[in-house]
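Contents: one structure, followed by commentary.
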Amino acid sequence: MGDLKDLFRGLLKDTPHIFMDRNVFSSGYTPASLPHRDAQITTLASILVKALRGDAPSNVLMYGKTGTGKTAVARYVGEELEKMGVETNVTCSVLYINCELVDTQYRLLAQLAKAFDCEVPFTGWPTDHVYEEFKKAIDSKEQVVIIILDEVDNLVIKSDDALYNITRINGVLKNAKVSLIGISNDLNFTDYLDPRVKSSLGEEELIFPPYDALQIQDILYQRAKNGFNEGVLADDVIPMCAAYAAQEHGDARRALDLLRVSAELAERAKLIQVAGMHVRMAQDKIESDRIIEVIRTLPVQSKLVLYSVIVLLDNGSRVSRTGEVYSIYKQLCNNIDTDILTQRRITDLISELDMLGIINAIVVNKGRYGRTKEISLSVPVQSIRNVLTDEQRLTSLSEFKPVNMQVSLAAAY
DNA sequence: CCTCCACCGGAACGTGAGGAGT
DNA sequence: ACTCCTCACGTTCCGGTGGAGG
């Protein structure tokens with residue numbers, strides 16, 4: 001036990017210093033420069049420069065798939081604008097709000113008010129009261145407020161009132177000016193909008209095309225220079241990360257994750273250099289983490305269906321049919337005292353699992369023996385069995401033995 | 001060529017939770 | 001505090017189907 005004191009000391013000493021600054025790879029990090037986004041940066045800056053003259057810039061909509069640098073560009077230009085505002089003595093405030101978390105009008109207003117030191121309780125006030133408070137707070141002095149709404153789709157899907165109110169706020173303010181920057185990865189999201197909001201929000205539009213493999217490489221090299229110590233990356237590491245990410249529609253964030261995970265794997269193996277092998281391992285790890293996360297958050301009923309497939313697999317059938325799955329599923333439900341859903345619903349659950357890429361379900365015709373779905377697992381069994389029995393209500397199922405297996409025996413012939 | 005299996009999948013409807021309006 | 005609306009989740013009902021076997 002006395003050695004425990006040295007536990008961390010030992011680990012500290014042993015750990016090779018691959019990372020210089022882990023922060024460089026976190027999602028909130030804004031790098032000092034953004035390769036291959038000069039055009040977007042210049043355009044955005046030329047729109048926002050009006051703020052430095054004390055006017056409200058046009059509202060901007062930014063489109064692009066995930067990992068194309070939308071958020072980074074918006075934050076980067078925002079920071080520069082604030083800096084410039086200090087120099088030129090114009091108060092410019094840039095607020096960044098992620099609408100994935102802030103997805104109702106109330107929460108949005110509360111969040112905005114809070115940014116101006118205005119106390120709003122989490123709940124309780126009528127929405128228009130919060131709106132008034134927020135107006136009062138920003139109108140207290142002359143300033144230009146730029147609100148960046150990331151993932152703005154989330155705010156709109158429920159109702160576009162929030163956007164409607166904010167786009168019209170300039171009409172009622174005396175001192176302050178407000179502009180919006182909406183960020184969306186859905187090109188068609190304006191279809192959901194009220195036409196008035198649409199024309200007001202989309203005064204300017206910026207498109208972010210996906211990066212190609214070479215561009216991703218540049219980004220990675222730049223981050224690696226700030227994030228890793230020198231010489232820890234083998235030559236092929238970054239090209240590999242870029243190639244993998246480029247295959248999946250040029251997602252730079254994905255490439256950065258890949259690079260980070262590769263380095264973490266190498267670090268955990270106590271190596272001093274990251275090799276191509278680690279990139280491959282990282283690719284697998286990210287994918288299996290994704291699958292596990294998807295399965296873990298599945299509703300209980302879907303888990304039961306999935307478990308039924310596994311049970312059938314354990315009993316020797318490589319593919320299973322809907323009828324078999326359903327009969328096992330019913331047994332499982334009785335076993336843990338859960339409501340049994342109808343077969344119609346199970347059909348849908350099976351289709352959902354198929355779409356998530358966890359199972360493979362194809363419709364086949366067996367002539368006289370009917371028409372059904374042939375279901376097989378498209379991920380390794382051992383990786384998901386434990387995830388399923390981790391769920392509190394399903395733990396007892398690890399002991400489960402199916403009765404009445406002649407159905408699947410018959411299927412063997 | 002016809003039948004008929006064993007399920008597919010569309011349509012309409014019921015229900016409860018939760019948010020918005022008043 | 002109340003009703004109204006919407007949405008996710010499920011059920012009921014049912015027409016549809018490709019081909020093995022007669």
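Here is how names work: the chains are called A, B, and so on, in the same order as the sequence lines, proteins then strands, and each is numbered from 1.
Rounded to whole Å, atom P of C:dT11 lies 10 Å from atom CD1 of A:Ile340. We find that CZ of A:Arg344 is positioned 16 Å from P of C:dG16, with the value rounded to whole Å. Per the geometry, CG belonging to A:Asn365 stands 4 Å off C1' belonging to C:dG18, to the nearest Å. Counting to the nearest Å, the P atom of C:dT11 and the CD1 atom of A:Ile346 are 8 Å from each other. Distance, A:Lys373 NZ to C:dG16 P: 19 Å, rounded to whole Å. One can place CG of A:Asp339 at 13 Å from P of B:dG16, the figure rounded to the nearest angstrom. Computed from coordinates, the A:Tyr326 OH to C:dT11 C1' distance equals 11 Å when rounded to whole Å. Following rounding to the nearest Å, A:Asp354 (CG) and B:dC8 (P) show an atom-to-atom distance of 12 Å.
Salt-bridge annotation for A:Arg385 and A:Asp390: absent, with no side-chain N of the basic residue lying under 4.0 Å from a carboxylate O of the acidic one.
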Practice prompt. Check the pair A:Glu80 / A:Lys83 against salt bridge (Lys or Arg N to Asp or Glu O under 4.0 Å), numbers first and verdict last.
Written response: CA-CA 5 Å; A:Glu80 292 297 313; A:Lys83 272 190 228 160; 3.2 Å; yes
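Out of C:dG10, B:dG9, C:dG21, the shortest distance to the side chain of A:Tyr369 is found at C:dG21. Distance from the side chain of A:Arg368 is smallest to C:dG21 among C:dG21, C:dC9, C:dG18.
Dashed line: the shortest gap from a side-chain N or O of A:Thr342 to OP1 or OP2 of C:dG10 is not under 4.0 Å. Dashed line: the shortest gap from a side-chain N or O of A:Thr322 to OP1 or OP2 of B:dA6 is not under 4.0 Å.
In this structure, A:Phe19 and A:Phe228 have tilted ring planes: the angle between them lies in the 30° to 60° band.
Residues from residues 291-300 of chain A lying near DNA chain B, meaning a heavy-atom separation below 4.0 Å, are absent.
In this structure, the side chain of A:Gln301 engages the main chain of A:Asp339 through a donor-acceptor pair within 3.5 Å.
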